[in-house]
Number of protein chains: 2
Amino acid sequence: MEWRRRPTMEDVAKAAGVSKATVSRVLAGIESGSTPATAERVRQTALRLGYVVNSIAASLRSRQSFTIGLLLADVANPFFGGIASGVESRLSQTGYSVILGNTGNSLERERALVRVLVEKQIDGLIAATSAASAEHFHEAQERGVQVVLVDSDVPGLEADTVTIDNRATAEAVVGHLLEQGHRRIAIVTGPMDATFDRHRLEGYRRALARHGIAYDEALVLRADLLAEGGERAVDRLLELDPRPTALFATNNMMTQGVLVGLRRAGLRIPDEISLVGFDDQDWYALCHPPLSAVLNPAYEMGHVAADRLLTRLAGRGERVEQPVEHLVLDAPLVLRASTAPPPQA
Amino acid sequence: MEWRRRPTMEDVAKAAGVSKATVSRVLAGIESGSTPATAERVRQTALRLGYVVNSIAASLRSRQSFTIGLLLADVANPFFGGIASGVESRLSQTGYSVILGNTGNSLERERALVRVLVEKQIDGLIAATSAASAEHFHEAQERGVQVVLVDSDVPGLEADTVTIDNRATAEAVVGHLLEQGHRRIAIVTGPMDATFDRHRLEGYRRALARHGIAYDEALVLRADLLAEGGERAVDRLLELDPRPTALFATNNMMTQGVLVGLRRAGLRIPDEISLVGFDDQDWYALCHPPLSAVLNPAYEMGHVAADRLLTRLAGRGERVEQPVEHLVLDAPLVLRASTAPPPQA
DNA sequence: CCGATTTACTAAACCGATTTCATTCCGGAT
DNA sequence: ATCCGGAATGAAATCGGTTTAGTAAATCGG
């Protein structure tokens with residue numbers, strides 16, 4: 001056999017003339033329990049043999065995997081990419097790894113992913129999906145997994161959340177449009193499964209109400225959170241009579257789709273129709289005209305969520321259960337040039 | 001104690017009146033070795049007790065983690081998001097999980113990540129980074145990890161790669177510009193650590209050579225692969241005399257930065273300067289003017305890489321070592337409206 | 001109907017670490 | 001000289017599965 005087995009802790013122990021227990025202690029960085037001299041000798045032999053710990057074995061015994069699950073609706077969407085980036089940066093600082101799961105907005109896939117993650121003994125779970133169901137998260141919690149929700153809340157689930165104030169934000173957007181004189185404002189929403197979706201609509205209604213404008217069901221264009229849906233929403237908008245003078249698209253993909261649809265329809269922004277998007281992206285500034293949108297702090301949300309999870313993990317085994325926290329971040333409306341007073345009829 | 005321990009395979013075995021071995025076989029879906037009746041009884045009791053396997057324990061013994069590592073330069077960048085999406089979709093079909101690592105183009109971080117991944121006993125590793133070094137990958141391979149490189153190749157490393165033909169693609173871009181009559185064409189490149197970067201420049205040179213145009217060092221604007229760098233590259237471009245009439249930005253971030261810089265400088269595209277970008281994004285079509293760019297098939301590359309990795313993993317333990325493969329995907333140039341013949345001086 | 005397989009199944013070893021508990025060793029207090 | 005407490009260390013149990021080796025019973029061919 002010309003292929004050498006990779007050295008285990010046992011090998012290091014033998015080579016250093018100590019027991020596995022000592023090697024374990026030294027390599028885990030436990031100060032007490034060994035002479036500086038012994039510690040150094042162990043470290044040297046480990047290095048010399050090219051020893052690398054097997055975290056799988058370590059996790060089995062210690063019941064900690066130092067791994068968390070990250071569930072996203074769509075990694076390819078830069079908004080979720082931002083969340084992933086924030087989560088990863090905070091967690092890997094502390095030696096945690098993140099297992100990525102892409103749900104594609106399928107509850108079935110989401111459930112399957114949670115199950116696999118639980119089997120893999122994750123310590124925590126961060127989810128940014130629009131799952132309307134709580135049970136699979138519940139099951140994870142029952143098996144000792146700490147759950148933190150990002151971007152959306154799941155009714156009936158006792159878990160930390162990191163979100164923006166979707167109601168207030170949407171209200172501000174629509175308020176801005178109203179102040180410019182718009183009276184018929186359409187909104188493109190998702191399927192209303194997620195709270196962010198529902199809350200954005202609520203904010204829209206609230207703004208209208210505050211300005212004494214009747215809520216018109218026909219002006220809410222329900223779509224699918226994807227570009228395709230945004231584009232088709234524009235088609236429906238064109239059939240409205242009188243045609244709305246302003247439009248609020250409630251996520252980045254639909255904003256993009258709306259832009260495509262509007263361009264195809266030949267509607268000039270903001271002369272013929274005002275538009276406010278969501279999930280601000282750098283390229284919004286490069287559109288013609290530069291697009292106003294809500295800046296949804298994806299990276300920060302991910303970072304904060306990871307941070308919350310870490311402190312929760314650190315506080316395990318405490319006498320008192322930590323109460324759940326609902327963190328709310330700022331989501332400013334960045335105004336560029338896609339809104340203007342409505343055209344004179 | 002009001003808190004019940006989660007059931008183990010032992011518990012299921014006892015409850016079903018069989019041995020652990022039988023439970024293991026049944027749940028692993030091994031047909032032979034148990035009566036359909038026994039199998040069913042085991043499955044039922046497992047379900048009744050709410051049993052969930054501990055993959056950590058399984059992995060320890062079986063020496064397979066069904067987990068692969070995915071190293072990306074920047075998850076927040078939609079190009080890498082696309083790769084991640086492709087990888088995840090292919091792998092999770094087969095029950096594999098993916099651990100995400102963000103290198104942020106730091107070799108040091110990349111090394112640290114590889115180490116952690118190896119410790120976590122990943123079965124394979126897919127990397128889409130611009131690491132110039134091979135040693136950490138080498139070390140992973142020595143420890144039995146199958147490595148597949150995406151988007152870039154690492155000299156001195158014996159590993160499968162999935163890329164596009166960067167030379168030919170760049171050559172086509174510059175050829176297109178030359179055919180329109182441009183003679184002074186600038187190129188914005190990265191730091192030249194990665195092969196994709198170097199090959200794109202080579203393609204540029206080749207196109208020039210083929211058209212009998214001298215290569216001018218001053219026209220290659222070396223940047224950092226980020227938007228910031230693209231923007232500053234434009235500043236340097238403006239100082240060139242005579243000013244180039246066309247510009248080729250070699251990745252999505254720099255393309256975006258160039259767009260910002262050009263807008264700030266007030267240069268009209270394509271009247272005053274032609275521009276071709278890279279890593280086509282949907283929003284390129286929404287710019288003013290719609291931007292021509294190379295479509296880099298991120299999702300597909302990820303998918304193919306994952307596929308390659310899977311077949312490699314499946315073929316482990318075979319007598320003959322599988323030879324490395326270098327898969328090359330198509331990267332079409334999508335022409336929109338950002339190029340035109342150079343302005344008459 | 002008998003020896004030879006084959007099949008269903010179990011007991012026990014094993015994977016490679018962590019953790020518990022016992023032991024040894026030491027200097028200092030009595 | 002003796003006793004004591006704490007620090008250093010090691011032996012062995014443990015985590016929860018998979019895998020191997022072995023056994024008893026069922027099946028088969030002639």
Side-chain angles (χ1 to χ4, degrees), chain A residues 5-43 45-46 49-67 95 116 118-123 143-144 317, chain B residues 5-43 45-46 49-67 116 118-121 123 143-144 317:
Chain A
R5 191 174 48 81
R6 283 172 277 288
T8 71
M9 190 169 271
E10 175 99 51
D11 301 325
V12 176
K14 278 214 189 82
V18 295
S19 71
K20 284 195 300 177
T22 301
V23 176
S24 177
R25 263 181 247 120
V26 169
L27 296 186
I30 295 169
E31 287 292 332
S32 73
S34 53
T35 323
T38 320
E40 189 52 25
R41 182 159 40 92
V42 168
R43 263 189 289 270
T45 29
L49 300 187
Y51 171 72
V52 171
V53 308
N54 181 331
S55 331
I56 291 273
S59 296
L60 176 58
R61 177 62 229 236
S62 69
R63 299 161 164 290
Q64 270 209 77
S65 63
F66 288 100
T67 301
V116 171
V118 168
E119 290 178 353
K120 292 227 160 120
Q121 312 294 118
I122 51 170
D123 297 333
R143 296 206 136 74
Chain B
R5 191 173 49 82
R6 283 173 277 288
T8 71
M9 189 170 270
E10 175 99 50
D11 301 325
V12 176
K14 279 215 189 84
V18 295
S19 70
K20 282 197 301 177
T22 301
V23 177
S24 177
R25 260 181 258 118
V26 169
L27 297 185
I30 295 168
E31 288 291 330
S32 72
S34 53
T35 325
T38 319
E40 190 52 26
R41 183 158 40 92
V42 169
R43 264 189 289 270
T45 34
L49 300 187
Y51 171 73
V52 172
V53 308
N54 181 332
S55 332
I56 291 273
S59 295
L60 177 58
R61 178 63 228 237
S62 68
R63 298 162 164 289
Q64 271 209 75
S65 63
F66 289 99
T67 300
V116 171
V118 168
E119 290 179 352
K120 291 228 160 121
Q121 312 294 117
D123 297 334
R143 296 205 135 75

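Each chain gets a letter, A, B and so on, in the order the sequences are listed, and its residues count up from 1.
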Output a table of nitrogen or oxygen pairs between the protein and nucleotides 15-18 of chain C separated by less than 3.5 Å.
residue, atom, partner, partner atom, Å
C/dC15, O3', B/Arg63, NH2, 3.2
C/dC15, O2, B/Arg61, N, 3.4
C/dG16, OP1, B/Arg63, NH2, 2.6
C/dG16, N2, A/Ala57, O, 3.4
C/dA17, OP1, A/Tyr51, OH, 2.7
C/dA17, OP1, A/Asn54, N, 3.1
C/dA17, OP2, A/Met9, N, 2.4
C/dA17, O5', A/Tyr51, OH, 3.2
C/dA17, N7, A/Lys20, NZ, 3.3
C/dA17, N6, A/Lys20, NZ, 3.2
C/dT18, OP2, A/Ser24, OG, 2.2
C/dT18, O2, A/Arg61, NH1, 3.2

**Request:** For residues A/Val42 and A/Val18, determine if any side-chain heavy atom of one lies less than 4.5 Å from a side-chain heavy atom of the other.
**Result:** yes
**Item:** Sugar-phosphate only, base, or nothing, as touched by A/Ser34 at under 4.0 Å among non-hydrogen atoms
**Value:** sugar-phosphate
**Message:** Please check this pair: side chain of B/Arg43 against backbone of B/Leu27, looking for a donor-acceptor N/O pair closer than 3.5 Å.
**Reply:** no
**Message:** With a 4.0 Å cutoff (strictly under), does any side-chain N or O of A/Thr35 reach OP1 or OP2 of D/dT9?
**Reply:** yes
**Request:** Using modelled atom types only, decide if a donor and an acceptor are shared between the side chain of A/Thr35 and the backbone of A/Ala37 within a distance under 3.5 Å.
**Result:** no
**Item:** Distance below 4.0 Å between B/Thr38 side-chain N/O and C/dA8 OP1 or OP2
**Value:** no
**Prompt:** What's the CG-C1' distance between B/Leu27 and D/dG16, to the nearest Å?
**Reply:** 13 Å
**Prompt:** Does a donor on one side chain and an acceptor on the other come within less than 3.5 Å for B/Lys120 and A/Thr67?
**Reply:** yes
**Prompt:** Roughly, in whole Å, what's the span from CD1 in B/Ile30 to C1' in C/dA8?
**Reply:** 13 Å
**Asked** Can you tell me if A/Asp123 uses its side chain to pair, donor with acceptor, with the backbone of A/Gln64 under 3.5 Å?
**Response** no
**Request:** Could I get the full list of ring pair (Phe, Tyr, Trp, His ring centres under 6.0 Å) partners for A/Tyr51, not counting sequence neighbours?
**Result:** none
**Estimated bend of the helix from C/dC1-D/dG30 to C/dT30-D/dA1 (axis per five terminal pairs, rounded to 10 degrees)** = 40°
**Asked** Would you say A/Ser65's side chain and A/Gln121's backbone share a donor-acceptor pair under 3.5 angstrom?
**Response** yes
**Message:** Would the distance check show the side chain of A/Arg143 and the main-chain N or O of A/Val118 forming a donor-acceptor pair, the cut-off being under 3.5 Å?
**Reply:** no
